[in-house]
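Read the structure below first, then the notes.
Every chain is numbered from 1 and lettered A, B, ... according to where its sequence line falls, protein lines coming before strand lines.
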Protein chains: 2
Amino acid sequence: MNNYTELLRQHNLKATPQRLAITDILNMHGHVSIEFLYEQMLNKFNSISLATIYKNINIMLENAFVQEVKIPHSKSVYELTKEVHSHLVCDNCGAVQDITVPIHTILEQTDNTQEFEIKSASVVFTGICKECKN
Amino acid sequence: MNNYTELLRQHNLKATPQRLAITDILNMHGHVSIEFLYEQMLNKFNSISLATIYKNINIMLENAFVQEVKIPHSKSVYELTKEVHSHLVCDNCGAVQDITVPIHTILEQTDNTQEFEIKSASVVFTGICKECKN
DNA sequence: GAGATAAAGGAAAAAAATTATCTTTTATAT
DNA sequence: ATATAAAAGATAATTTTTTTCCTTTATCTC
């Protein structure tokens with residue numbers, strides 16, 4: 001029993017081999033698209049269907065086991081839920097990295113005369129990653 | 001000749017009646033989904049096809065006449081391009097508002113040890129709007 | 001550990017979203 | 001006014017995502 005079995009169960013998800021594999025791929029790659037996930041899964045389960053990928057990602061989203069990252073001008077990627085954080089996306093290679101942004105400070109400096117009660121922030125920076133600069 | 005004819009042309013877009021109508025709808029509603037835009041357009045052009053909506057939104061995106069706003073847990077909306085700004089999205093009613101965030105200040109306060117060259121930021125706050133609080 | 005059961009997987013189809021094709025119409029430059 | 005490139009309309013085709021139905025399996029209980 002690896003460590004993700006219990007984590008899946010804590011999110012009301014049965015620990016099937018397929019889900020453990022999805023979890024491993026997410027853990028290994030950090031941020032993955034549906035297509036990439038499907039391709040990787042095919043290596044282990046040669047008859048897995050895309051519907052199973054979608055069904056799992058959807059139920060994992062519902063149970064907050066994974067999060068969707070919506071990226072400007074690009075397809076969404078999915079990641080295991082962890083501490084709140086933001087993202088850096090490379091315009092050149094598409095790589096996605098995590099970054100911590102002081103949301104609290106931002107809110108203090110933002111003029112919110114609109115009386116909108118802000119609960120969370122989704123921040124995606126785009127630019128050029130270290131590797132692509134060289 | 002209303003004021004959007006010239007603006008369309010400046011973006012290398014022919015000022016067709018359909019495009020002027022799309023522009024009016026975007027201007028009037030601020031942020032609209034593809035479906036909403038289609039429904040509104042049907043009022044004026046009873047035989048317009050969804051393909052025309054997509055073709056126009058896509059070419060308007062390419063020519064930076066409109067921008068796509070990707071919203072967590074929801075479908076994208078589109079807006080006329082204006083000064084750089086961020087968005088507030090109400091979890092309750094789905095309304096989208098503009099807000100100005102001091103991105104520059106954020107960057108100064110963000111620890112970017114990853115040597116990532118940030119060029120732009122997409123920020124979407126979610127919470128409860130003024131109307132839904134009452 | 002064996003049996004019961006609710007949930008998950010596989011396969012295929014269906015539905016929804018998006019893009020492409022081809023012909024007709026039209027905005028715009030000349 | 002005419003020529004022309006681009007856009008619209010009408011489908012059709014693709015792509016993406018969801019659903020259905022039947023089989024398999026993870027997990028709970030004994």
For this session: Take atom CD1 of B/Ile59 and atom C1' of C/dT18, then tell me their distance rounded to the nearest Å.
Result: 16 Å
Seminar exercise, completed: Taking C/dG9, D/dT27, D/dT18 as options, the one with an atom nearest any side-chain atom of A/Ala51 is D/dT18
Exercise. C/dG9 phosphate, OP1 or OP2: any side-chain N/O from A/Thr16 under 4.0 angstrom?
Worked result: yes
Exercise. Is the closest side-chain heavy-atom distance between A/Val101 and B/Gln109 below 4.5 Å?
Worked result: no
Exercise. Between B/Asn12 and A/Lys75, which has a closest nucleotide on DNA chain D that is more 5'?
Worked result: B/Asn12
Exercise. Of all the nucleotides listed (C/dT18, D/dA6, D/dG9), which has the minimum atom distance to the side chain of B/Leu50?
Worked result: C/dT18
Problem set entry | Length of the CD-P vector between B/Glu6 and C/dT28, whole Å | 10 Å
Problem set entry | Shortest side-chain distance from A/Lys55, nucleotide among C/dG10, C/dT19, D/dA26 | C/dG10
Exercise. Sub-3.5 Å donor-acceptor pair from the side chain of B/Ser76 to the main-chain atoms of B/Glu68, do we have one?
Worked result: no
Exercise. What's the closest nucleotide to the A/Arg19 side chain, out of C/dG10, D/dT18, C/dA8?
Worked result: C/dA8
Exercise. Under 4.5 Å between any side-chain heavy atoms of B/Thr110 and A/Thr100, yes or no?
Worked result: no
For this session: Measure from the side-chain heavy atoms of A/Ala15 and tell me the nearest of C/dG10, D/dA8, D/dT27.
Result: D/dT27
Exercise. So, is A/Gln18 near the phosphate of D/dT25, with a side-chain N or O under 4.0 Å from OP1 or OP2?
Worked result: no
For this session: Please tell me which of B/Asn56 and A/Thr52 maps to the more 5' nucleotide of DNA chain D, matching each residue to the nucleotide holding its nearest heavy atom.
Result: B/Asn56
Exercise. Do side-chain atoms of B/Lys130 reach the backbone of A/Glu117 as a donor and acceptor pair under 3.5 angstrom?
Worked result: no
For this session: Starting from P on C/dA6, measure out to CZ on A/Arg9 and report it in whole angstrom.
Result: 18 Å
For this session: Report the distance from atom CD of B/Gln10 to atom C1' of C/dT28, rounded to the nearest whole Å.
Result: 16 Å
Exercise. Is atom NZ of B/Lys44 surrounded by more than 12 heavy atoms (other residues, nucleotides or ligands) closer than 6.0 Å?
Worked result: no
For this session: Verify the contact: side-chain N or O of A/Asn58 to OP1 or OP2 of D/dT18, cut-off strictly under 4.0 Å; return yes or no.
Result: yes
Exercise. Does B/Ser47 make a side-chain N or O approach to OP1 or OP2 of D/dA10 shorter than 4.0 Å?
Worked result: yes
Exercise. Closest to the A/Ile48 side chain: D/dA26, D/dA8, C/dG10?
Worked result: C/dG10
For this session: Using only heavy-atom distances, decide whether a donor-acceptor pair under 3.5 angstrom links the side-chain of A/Lys14 to the base of C/dG9.
Result: no
